[in-house]
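Side chains are part of it too, since the values below use all heavy atoms of this structure and drop only hydrogens, waters and symmetry mates. In what follows, every chain begins at residue 1, and chains take the letters A, B, ... in the order their sequences are listed.
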Number of protein chains: 2
Amino acid sequence: MSLTERRLNNLICRLREDGHRLTPQRMAVIKMLIGNTEHLTAEQIHERVKVDFPMTSLATVYKTVSVLKEMHEVQEISVDGEGKHFDGATGHPHPHLICTSCRRIEDIDFADIGPLPSEIAEQTGYRIEGHRLDFFGVCPACQEEEARNS
Amino acid sequence: MSLTERRLNNLICRLREDGHRLTPQRMAVIKMLIGNTEHLTAEQIHERVKVDFPMTSLATVYKTVSVLKEMHEVQEISVDGEGKHFDGATGHPHPHLICTSCRRIEDIDFADIGPLPSEIAEQTGYRIEGHRLDFFGVCPACQEEEARNS
DNA sequence: CTACATGCAAACCCTTTGCAGGCTG
DNA sequence: CAGCCTGCAAAGGGTTTGCATGTAG
C-alpha cells in the first residue's frame, strides 16, 4: 500500500470517528487534495468535482476543505495577488516551486534546509514549529512560450 | 547615508520620474514600509498614518501600496487565514520569522539558503527568480505568556 | 491647465454562514 | 429520527474602483 493510500485510509477513519459521513462528493474533493502535488484553488477543485458531480456547489468544496484544514491535512498557500491554493500533498511542510507566469505550483522533494531551524531558534529565542520555503521562477513551458513570442 | 536612506531617495527619484507627486500622506505610507522590519497590514498602516493625517482614507493607503508593489519595492506576505501584510524592508527576498501566537512578523538577516536555487534550477528546468523562506514558531514573549497561563 | 492625489461610496471577489430539505445509519 | 451533508442565497471581510473634487507644477 502506498504512502498516500495509507494516509487516505487513516484520514477516512478519523473522519468517521468524528461523526463525518463520506459522501462521494466529499471523497472526490479529498482525493483531489490528499497526496496530490497539484495545488488547486477552491474554484479549480470545484470545476473538477463538477465533472463527476455536476450539482456540486462551491460551498460544499469550502466546507470539505475546512474540515481537512482543521485536521491539519491540508494547508493554505497564498501567492501574491492570487486566491488561496490548497496543499494536501504530504500533510507536513515542504518546498514549493511557483511559476510566476502560469501560476502553477509544484512540489519539490529534496531541498533540505538543514540545521537552519535550530540555529534560528538559538539565535532568536523562538520555538520553531515549522517553515515554508517557496521558490519563484518561470517553468520550462512558460520559458518556451516566451521564446516563441520574442 | 544609510542603506535605507539611499533606497528611499532612489525610490523617490523614480516616483517623480514616473510622474508621481509625493504628498505628505504618501511619504508617510512609504516611510512606514521602506526599510521597516515591521510588516503591517493595510489597516495598521492606515491607523498609523491617521495619527499625523487624520483625514487619510484606506483607499489612499491601498493606492500607494499598489504603486510600490508595481515597482517591486514592497511584497505581500500572506499568513494562513490572516489578511495581507506588506513588507518593504529590503526590496529583495529575505526570511521571515512568524509568531503563530501573536502574528508578529520579524525579519531574519542570516539564514542563507546557499546553493539551493541553482540546484533546483538544474533539476527542474525552472528559471529561478526568487524565493520565500518563512519560519513559523512562538516568539519569546508568547512563550512567557504560555508559561504564565499554565 | 493638465495630470496626479484624495475621500467617499459603491462595486468586487472570494470565502463563510444560515437555512430548509435530503439522506444515511 | 438524530445528525450530518447538500445547494442555494445572503452575508461578510478585505481590497479595488469610479467619480467628483482638490492641488501641485
Side-chain angles (χ1 to χ4, degrees), chain A residues 11-33 39-47 49-71 74-87 103, chain B residues 11-33 39-47 49-71 74-87 103:
Chain A
L11 175 56
I12 290 169
C13 281
R14 280 187 292 149
L15 283 167
R16 282 201 208 285
E17 279 170 20
D18 288 0
H20 290 285
R21 231 169 277 153
L22 291 168
T23 63
Q25 292 166 39
R26 283 224 151 164
M27 281 307 299
V29 174
I30 292 171
K31 281 185 185 156
M32 219 148 283
L33 285 166
H39 300 74
L40 308 171
T41 61
E43 198 71 50
Q44 290 170 324
I45 295 170
H46 185 214
E47 285 307 315
V49 173
K50 273 203 294 188
V51 173
D52 291 322
F53 307 96
M55 291 299 298
T56 309
S57 75
L58 201 47
T60 298
V61 173
Y62 276 111
K63 281 166 184 165
T64 304
V65 170
S66 136
V67 171
L68 296 180
K69 278 198 289 187
E70 272 174 28
M71 304 177 77
V74 157
Q75 60 173 141
E76 291 177 19
I77 317 174
S78 314
V79 184
D80 281 17
E82 287 277 305
K84 294 177 188 170
H85 294 246
F86 298 104
D87 175 359
R103 293 287 164 183
Chain B
L11 174 56
I12 291 169
C13 280
R14 281 188 292 149
L15 284 167
R16 281 200 208 284
E17 278 169 19
D18 287 0
H20 290 285
R21 233 168 276 153
L22 291 168
T23 63
Q25 291 165 42
R26 284 223 149 163
M27 283 306 299
V29 174
I30 291 172
K31 282 185 185 157
M32 219 149 282
L33 286 165
H39 301 75
L40 309 171
T41 62
E43 198 71 51
Q44 290 170 322
I45 295 171
H46 185 212
E47 285 307 315
V49 173
K50 274 203 294 189
V51 173
D52 290 322
F53 307 96
M55 291 299 298
T56 309
S57 74
L58 202 46
T60 298
V61 173
Y62 276 110
K63 281 166 185 165
T64 303
V65 170
S66 137
V67 171
L68 296 180
K69 278 199 288 188
E70 272 174 29
M71 303 178 78
V74 157
Q75 60 173 141
E76 290 177 20
I77 317 173
S78 315
V79 184
D80 280 18
E82 287 276 306
K84 295 177 188 169
H85 294 245
F86 298 104
D87 176 1
R103 295 287 165 184

Item to check | Check: A:His46 side chain, A:Thr60 main-chain N or O, donor-acceptor pair, under 3.5 Å | outcome: no
Item to check | Between D:dG14 (P) and B:Ile45 (CD1): distance, integer Å | outcome: 15 Å
Next on the checklist: Tell me which one of A:Val29, A:Val65, A:Leu68 satisfies side chain to side chain contact (heavy atoms under 4.5 Å, CB included) with A:Phe86.
Outcome noted: A:Val65
Checklist entry - Can you tell me how far P of C:dC4 sits from CZ of B:Arg16, to the nearest Å? => result 15 Å
Item to check | Side chain proximity check, A:Met71 to A:Val67, heavy atoms < 4.5 angstrom | outcome: yes
Side-chain donor-acceptor pairs of residues 11-27 of chain A under 3.5 Å, sequence neighbours excluded:
| from | atom 1 | to | atom 2 | distance (Å) |
| --- | --- | --- | --- | --- |
| A:Arg14 | NE | A:Asn10 | OD1 | 2.9 |
| A:Arg14 | NH2 | A:Asn10 | OD1 | 3.3 |
| A:Arg14 | NH2 | A:Glu73 | OE2 | 2.4 |
| A:Thr23 | OG1 | A:Arg26 | N | 3.2 |
| A:Arg26 | NE | A:Thr64 | OG1 | 3.2 |

Next on the checklist: Can you pull out the residues from residues 17-28 of chain A that lie within a 4.0 Å heavy-atom distance of DNA chain D?
Outcome noted: A:Gly19, A:His20, A:Arg21, A:Thr23, A:Gln25, A:Arg26
Checklist entry - At their closest point, which heavy atom of A:Ala42 faces which heavy atom of A:Val61, and how far apart are they? => result O-CG1, 3.9 Å
Checklist entry - Does anything in residues 50-58 of chain A reach DNA chain D, meaning a heavy atom under 4.0 Å, and if so which residues? => result A:Met55, A:Thr56, A:Ser57
Item to check | Rounded interatomic separation in angstrom, taking CD from B:Glu70 and C1' from D:dT16 | outcome: 13 Å
Checklist entry - Can you tell me if B:His39 uses its side chain to pair, donor with acceptor, with the backbone of B:His85 under 3.5 Å? => result no
Checklist entry - Tell me, do A:Glu47 and A:Lys50 make a side-chain contact under 4.5 Å, heavy atoms counted? => result yes
Next on the checklist: Could you check whether any side-chain N or O of A:Gln44 sits under 3.5 Å from a backbone N or O of A:Thr41, counting only pairs where one atom can act as donor and the other as acceptor?
Outcome noted: yes
Checklist entry - Can you check the A:His85 NE2 to C:dC14 P distance for me, whole Å? => result 11 Å
Checklist entry - Within this structure, what is the NZ-to-P distance between B:Lys63 and C:dA9, rounded to whole angstrom? => result 14 Å
Item to check | Euclidean distance, atom CD of residue B:Glu76 to atom P of D:dG14 [Å, nearest integer] | outcome: 15 Å
Checklist outcome for this item: From CD of A:Glu43 across to C1' of C:dC12 the rounded distance in Å is 14 Å
